[in-house]
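To start, the structure itself, in structure tokens.
Numbers restart at 1 for each chain; the letters A, B, ... are given by sequence-line order, proteins then strands. Computed from a prediction, not measured in an experiment: that's the story for all the values here.
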There are 2 protein chains.
Amino acid sequence: MVSVRADRPIAEKGIPDATIARLPVYLRTLNVMADDGVATISSGELADAAGVNPAQLRKDLSYLGTYGTRGVGYDVRYLRFQIGSQIGSAQEWPVVIVGLGNLGTALANYSGFGSRGFKIVALLDPKPDLIGRTVVGVPISDLADLEQIVERTEVRIAIIATPAAGAQEVCDRLVACGVRSILNFAPTALSVPPEVNLRKVDLGQELQILAYHEQQQMADPLESGPNADGTGSVHPHGVTA
Amino acid sequence: MVSVRADRPIAEKGIPDATIARLPVYLRTLNVMADDGVATISSGELADAAGVNPAQLRKDLSYLGTYGTRGVGYDVRYLRFQIGSQIGSAQEWPVVIVGLGNLGTALANYSGFGSRGFKIVALLDPKPDLIGRTVVGVPISDLADLEQIVERTEVRIAIIATPAAGAQEVCDRLVACGVRSILNFAPTALSVPPEVNLRKVDLGQELQILAYHEQQQMADPLESGPNADGTGSVHPHGVTA
DNA sequence: CTATGTGAACAACTTCACAGCC
DNA sequence: GGCTGTGAAGTTGTTCACATAG
């Protein structure tokens, strides 16, 4: 079970997922700073701009290495470079999107992927009236050609944005032709062999949590003074997200 | 730190956010089961279908109450009813979406909201060529009319899907006219007063985590035997998401 | 004898608080 | 003096393992 993972030469092995998820946020902020001509920034300022706790920011950065200067802060350009090379904006990740309904199309258009080093190289859908149309310059191909397209483009990361019904079959086919990382937007649980990385995004989930807290606050009009509950918004001066 | 929050009549006070996020998944699964005519289901089967650990499922359900029968399992219809009433599918939550670019439009079209008790009652965008068009039967209104529309529709939950630049202003205006729960899809940190619930969704984040693990696995071709890392896919027989 | 419900152990993540360096 | 880097404490979420009910 414990997976061990014996110690290798240098560090740089175990950055928590939560940190990985935040690094692009820092990077985006640093880019803005750099464009504004800011040369140095403290953890407090950067944390503020990124919407996190300063200690969190410093701990996150400490996983990458020691890039700050005590008493001074971080060099914006240098830190930007370091984060960039860590999260593989060094290389470009080819990605295929399967399913071009509303969500798949929105994802294909979503500029946030491109700026983070992901490149949509193929779009797949079974509907004849979609096949041949292009989205962001990429033509939609027939889902039937999945195997040959995966092989030709050498994608290793796939996004499933199909209806729930077809998702598992698509998933199996992707796995069969060597895709090792799958991001599932379909509202269903997928099953994959253990060597495949699978993550799920549920667009409704955060809304659900908000609604729950809303309901709770309506239920007890008392004790709603400063901040009735936790999680939703428990940051020092109300900064979140 | 037992969290105090003096005991009120029955329980039903402190369900963890993580559990709230999973309940709709169970509900969806139960609906399928009920349609298939299944009358009773064990935690193992339901957990399997929902892609979670059986112990997790039982613990989640235990926050709602004691709805199972030892030695037997759960009554599908009864459990469905209980979960449904817990996550406020009892009431309908009116929601406004601000920003109807690709993402906002996809969210407006996303059927997952409707099936969970959310109802899009207003759409707002400042672009003249969008105003007046309708999406899922709801007309797009001028962002300038935000205040009056929020007041008229009495929405308490808003989704921000604008570009980063306009997000904070929209957020401030929403808060000013009484919106207490905001879901932010814009790639920027928003600041709100502490009584407002704010949550953020970053579509790139999960992809980033996948890419990181992909990169890691490429870095050590060794030890990729059974399951190189954790998080991504560490479920008993490889079922996830 | 089966499957729930749950205390307790465990694991991941966040925040605190302060030593250490500039 | 100011700000980083980090051990330690705190918090939240997950999994185990078993007593208990049916």
TODO: Report, as yes or no, whether the 6.0 Å neighbourhood of atom OH on B:Tyr67 holds more than 12 heavy atoms from other residues, nucleotides or ligands.
DONE: yes

Gap between atoms [atom1] and [atom2], on [X] and [N] respectively (whole Å):
{"X": "A:Asp17", "N": "D:dG13", "atom1": "CG", "atom2": "P", "answer": "17 Å"}
{"X": "A:Leu46", "N": "D:dG5", "atom1": "CG", "atom2": "P", "answer": "12 Å"}
{"X": "A:Gln56", "N": "C:dT15", "atom1": "CD", "atom2": "P", "answer": "5 Å"}
{"X": "A:Leu61", "N": "C:dT14", "atom1": "CG", "atom2": "C1'", "answer": "15 Å"}
{"X": "A:Leu57", "N": "C:dT14", "atom1": "CG", "atom2": "C1'", "answer": "13 Å"}
{"X": "B:Asp75", "N": "D:dG22", "atom1": "CG", "atom2": "P", "answer": "16 Å"}
{"X": "B:Asp60", "N": "D:dT14", "atom1": "CG", "atom2": "C1'", "answer": "10 Å"}
{"X": "B:Tyr67", "N": "D:dG22", "atom1": "OH", "atom2": "P", "answer": "16 Å"}

Task: Residue whose nearest DNA chain C nucleotide is more 5′ - B:Ile41 or A:Ala18 - done: B:Ile41

TODO: For the pair A:Asp202 and B:Arg116, find out whether any cationic side-chain nitrogen is under 4.0 Å from an anionic carboxylate oxygen.
DONE: yes

TODO: Flag the pair B:Asp17 and B:Arg199 as a salt bridge only when some basic side-chain nitrogen lies within less than 4.0 angstrom of an acidic carboxylate oxygen.
DONE: yes

[N] OP1/OP2 closer than 4.0 Å to side-chain N/O of [X]:
{"X": "A:Tyr74", "N": "C:dC22", "answer": "no"}
{"X": "A:Arg70", "N": "D:dT6", "answer": "no"}
{"X": "B:Ser43", "N": "C:dT4", "answer": "yes"}
{"X": "B:Arg22", "N": "D:dT14", "answer": "yes"}

Open item on the list: If only side-chain N and O atoms count, and only distance matters, is there a donor-acceptor pair under 3.5 Å linking A:Asp60 with A:Thr19?
Closed with: yes

Open item on the list: Checking the side chain of A:Gln168 only, and the main-chain atoms of A:Ser191 only, is there a donor and an acceptor separated by less than 3.5 Å?
Closed with: yes

Nucleotide nearest [X] when distance is taken to its side chain, options [options]:
{"X": "B:Lys59", "options": "C:dC13, C:dC18, C:dT6", "value": "C:dT6"}
{"X": "A:Asn53", "options": "C:dT15, D:dT14, D:dG5", "value": "C:dT15"}
{"X": "B:Pro16", "options": "D:dT6, C:dG5, D:dG13", "value": "D:dG13"}

